[in-house]
Amino acid sequence: MHGAVLRVAFGGLMLGLCATAPADAGQTPAPAIVADEAESRFFRQRIADAVALAHNQHYASADRAFGELIAQPEFARLNAAQRLQALTAAAASAVKLNDLPRAAGLYRQANAADPNDPDGWYRLSAIEFNLHRHDESARAFIHLVEYWPELLPNIDEQMIFQLVNRLDRESETRFGLVRALYDANWHSLTGDDGELWFVLLERHVERGEHEAARGVVRRIADPLSLVRLRSDKRFDFLVEADSWAFNVEHAAIGMVESLREKADATPRGLEIRVQLISAMLVAGMHREALALTEQIAARIAEAPDGQPAFDDIRQQSWVLNQRAIALRRLGRIDEAVAEMTRASRLTEDGLPNVSQSLNLATLYCGLDRPDDSLAELQRTGPDLAGYGRMVMQANKLCAALAKRDRDGVAAALHYLREHRKDGPLVYLESLLRAQRIDDAARLAAELLASTADRADALEWMQQFQTMEALPGDVAYRQARETMLARADVQAAVAEVGRIGRYQVYMGSGTE
């Protein structure tokens with residue numbers, strides 16, 4: 001996921017968790033300031049006036065007033081409830097003025113004044129994320145999970161997955177966040193949480209905490225996480241290869257059935273249907289996936305104006321994205337391009353659609369249409385996260401190779417090499433696309449030797465179901481098979497894991 005997508009998701013979370021929370025983060029009701037003879041009546045009235053300004057949406061005036069009042073000694077003499085009300089109103093005004101650093105500081109003060117308000121921790125986490133301070137965001141969210149686990153169903157699940165994915169792979173904060181979710185017995189209502197439990201499982205195994213790992217593994221049932229378990233020797237003590245519990249193909253069908261039940265129970269949920277379509281694509285149920293996208297499109301088209309068919313209609317672009325993949329796998333290439341183009345033209349909560357534009361550029365790369373790929377990259381804008389920039393450069397490399405642009409090839413490879421930590425497998429695939437097989441083999445060995453990258457690398461090396469290569473991908477596919485067959489790569493794999501063959505597709509990509 002890319003930066004613009006993440007920011008929108010967190011922006012949508014700026015709502016109270018509790019029933020008593022204000023309906024809008026920028027509109028805080030004026031509190032009843034209780035008279036206290038030990039404090040200045042005039043100062044308390046000025047605080048009440050500032051809160052009223054915020055309540056009436058005069059955010060700039062409220063912000064100026066709060067900036068003066070909070071700095072005065074009298075403010076510290078207010079009781080905790082009065083300070084909390086004022087600080088919350090001040091923080092909400094700062095959010096409305098897009099002064100997120102000031103808002104974060106004010107929410108930290110509010111949480112110090114009264115640490116028993118879950119909304120304060122929730123909003124602080126969201127703001128810190130938007131400021132790209134992901135560790136601080138996670139620490140605030142961990143506090144929320146540990147003290148109010150019952151509120152987790154009120155939170156957009158994308159926030160949780162996005163936050164985990166933005167943290168450093170080996171950080172204690174990431175481990176602490178996933179462990180807090182596990183201890184809270186959190187389960188995804190709209191998709192699969194196996195990838196989170198794999199994060200926890202991997203860390204327990206690295207620490208030698210085998211009993212804890214045995215508890216976590218029971219929560220993992222998605223097919224691709226099972227592939228990771230089966231392919232990595234670190235997890236051999238957990239895996240019964242002949243058991244139904246670790247049968248990848250069986251798990252793929254089970255995941256479809258589980259998500260179908262969740263979708264039936266959530267008639268107005270679009271995200272759960274996106275997850276169901278993705279599971280169908282992993283299981284190779286391409287016609288079923290296409291049929292479901294058609295049903296969804298019909299519901300959206302038939303809905304009255306102003307009354308969307310789904311509560312989370314913003315997920316429509318991902319329905320079109322998955323529809324394009326199903327069409328590609330059924331050999332209907334022109335239709336796949338048309339649907340991915342439609343998806344890329346839908347905005348993501350008013351912002352440019354980064355994800356589908358990059359996916360369309362990648363599809364054009366596979367179709368050997370470099371000019372179209374480059375044109376699509378122009379639509380993504382400058383606001384890309386590190387991984388998104390890696391995907392962009394990989395597509396620029398693909399276009400430069402097709403156009404025999406040596407300078408373009410060199411520039412793209414330079415960027416990919418310098419920023420390889422943002423997307424190691426993107427760099428690996430780019431080396432293969434450029435026919436740098438020796439370099440790719442060395443990188444593959446490095447990734448396998450790294451405990452942080454090993455699981456991803458082994459999953460990438462497995463033999464999944466694939467479609468016939470698109471014209472622009474033929475040479476890449478051949479280079480990949482050549483590299484995997486090398487003795488040095490085979491030895492590096494054997495040291496830490498194994499390569500198996502599975503009758504499922506790797507994710508819901510276009511391969």
Side-chain angles (χ1 to χ4, degrees), residues 1 6 9-10 12-21 107-108 110-112 114-129 133-207 209-222 225 228-229 238 255 258-259 261-262 265-266 269 271-272 275 312:
M1 305 285 295
L6 298 174
F10 271 83
L13 291 172
M14 299 301 292
L15 301 172
L17 290 173
C18 300
T20 57
Y107 274 124
R108 280 194 291 272
N111 292 340
D114 182 0
N116 298 313
D117 176 23
D119 287 303
W121 295 98
Y122 179 66
R123 292 173 179 141
L124 177 60
S125 178
I127 291 170
E128 294 286 20
F129 187 94
R133 300 194 299 225
H134 301 122
D135 274 22
E136 290 84 348
S137 175
R139 282 192 282 270
F141 196 77
I142 289 170
H143 186 92
L144 175 68
V145 174
E146 290 180 342
Y147 284 86
W148 299 281
E150 71 278 5
L151 297 179
L152 281 171
N154 298 345
I155 296 174
D156 185 338
E157 292 183 0
Q158 290 303 304
M159 173 181 180
I160 295 171
F161 289 108
Q162 291 163 3
L163 181 53
V164 172
N165 289 334
R166 297 297 285 180
L167 294 167
D168 184 82
R169 297 286 296 270
E170 297 184 281
S171 75
E172 285 299 311
T173 307
R174 187 174 191 246
F175 175 62
L177 173 57
V178 179
R179 183 172 57 187
L181 291 166
Y182 180 85
D183 291 343
N185 200 32
W186 178 76
H187 291 277
S188 171
L189 299 176
T190 64
D192 171 56
D193 42 37
E195 62 182 274
L196 294 187
W197 311 141
F198 185 87
V199 169
L200 185 61
L201 175 70
E202 190 174 34
R203 182 59 64 89
H204 279 315
V205 170
E206 287 300 315
R207 293 181 170 199
E209 298 165 351
H210 287 190
E211 285 307 307
R214 289 188 176 93
V216 175
V217 77
R218 288 193 288 270
R219 287 202 192 177
I220 297 177
D222 67 289
S225 291
R228 288 178 164 223
L229 291 173
L238 295 169
M255 184 59 60
S258 173
L259 290 172
E261 290 179 2
K262 290 183 179 181
T266 316
E271 167 65 20
I272 180 60
Q275 296 293 334
D312 49 350

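Being a predicted model, the structure only gives us computed values, none of them experimental. FYI, the numbering just counts along the sequence from 1. Just so you know, these numbers use all the heavy atoms, side chains as well, and skip hydrogens, waters and symmetry mates.
- Separation of atoms CD1 (I160) and CG (L177) is listed at 8.0 Å; rounding is to 0.5 Å.
- Taking the six-membered ring for Trp and the full ring otherwise, H204 and F175 have centroids separated by under 6.0 Å.
- Residue H134 holds its NE2 atom at 11.5 Å from OG of S171, rounded to the nearest 0.5 Å.
- Nearest heavy-atom pair, T173 versus R139, reported as atom, atom and distance to 0.1 Å: OG1-NH1, 3.8 Å.
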Q: Before giving the answer on side chain to side chain contact (heavy atoms under 4.5 Å, CB included), spell out for V178 and Y182 the whole-Å C-alpha distance, their side-chain angles and the decisive distance to 0.1 Å.
A: CA-CA 6 Å; V178 179; Y182 180 85; 5.5 Å; no
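- Side-chain contact between E195 and N165: present, with at least one pair of heavy atoms (C-beta onward) separated by less than 4.5 Å.
- Atom CH2 of W186 and atom CD1 of I155 lie 9.5 Å apart (nearest 0.5 Å).
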Q: Go through R108 and E128 one step at a time and tell me if the side chain to side chain contact (heavy atoms under 4.5 Å, CB included) criterion holds.
A: CA-CA 11 Å; R108 280 194 291 272; E128 294 286 20; 2.5 Å; yes
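- For W121 (side chain) and P115 (main-chain N/O), a donor-acceptor pair under 3.5 Å exists by modelled atom type.
- For R214 and E211, the salt-bridge test passes: some basic side-chain N is under 4.0 Å from an acidic carboxylate O.
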Q: Given ring-ring contact (aromatic ring centres under 6.0 Å, His included), test Y122 with H143 step by step and report yes or no.
A: CA-CA 9 Å; Y122 179 66; H143 186 92; over 10 Å; no
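- One distance of note links CD1 of I142 with CG of L163; it measures 8.5 Å at 0.5 Å rounding.
- Listed for the R169 side chain is no donor-acceptor partner under 3.5 Å among the backbone atoms of R174.
- Between the D193 side chain and the L196 main chain, no donor and acceptor come within less than 3.5 Å of each other.
- Contact check for R133 versus S137: no side-chain heavy atoms found under the 4.5 Å cut-off.
- The CE atom of M255 lies 5.0 Å from the CG atom of D222; values are rounded to the nearest 0.5 Å.
- Residue Q162 holds its CD atom at 12.0 Å from CG of L167, rounded to the nearest 0.5 Å.
- Side-chain atoms of E271 and Q158, non-hydrogen and from C-beta on, do get closer than 4.5 Å to each other.
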Q | Audit row: W197, V217, side chain to side chain contact (heavy atoms under 4.5 Å, CB included) steps and yes/no | A | CA-CA 8 Å; W197 311 141; V217 77; over 6 Å; no
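- A salt bridge between R179 and E172 is absent, with no side-chain N of the basic residue lying under 4.0 Å from a carboxylate O of the acidic one.
- With contacts defined as side-chain heavy-atom distances shorter than 4.5 Å, the pair Y147/N116 does not qualify.
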Q: Could you give me the CA-CA distance, side-chain angles and deciding distance for L238 and L201, then say whether side chain to side chain contact (heavy atoms under 4.5 Å, CB included) is met?
A: CA-CA 10 Å; L238 295 169; L201 175 70; 3.6 Å; yes
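- Looking at E136, its side chain never comes within 3.5 Å of a backbone N or O of S125 through a donor-acceptor pair.
- Inter-residue side-chain proximity for L152 and L144 is flagged as unmet; no heavy-atom pair is nearer than 4.5 Å.
- In this structure, a donor-acceptor pair under 3.5 Å is present between the side chains of R219 and N185.
- When atom types are taken as modelled, the side chain of T266 and the backbone of G269 share no donor-acceptor pair closer than 3.5 angstrom.
- Counting only heavy atoms from C-beta outward, the side chains of F198 and V216 never approach each other to under 4.5 Å.
- Side-chain contact between L189 and E157: present, with at least one pair of heavy atoms (C-beta onward) separated by less than 4.5 Å.
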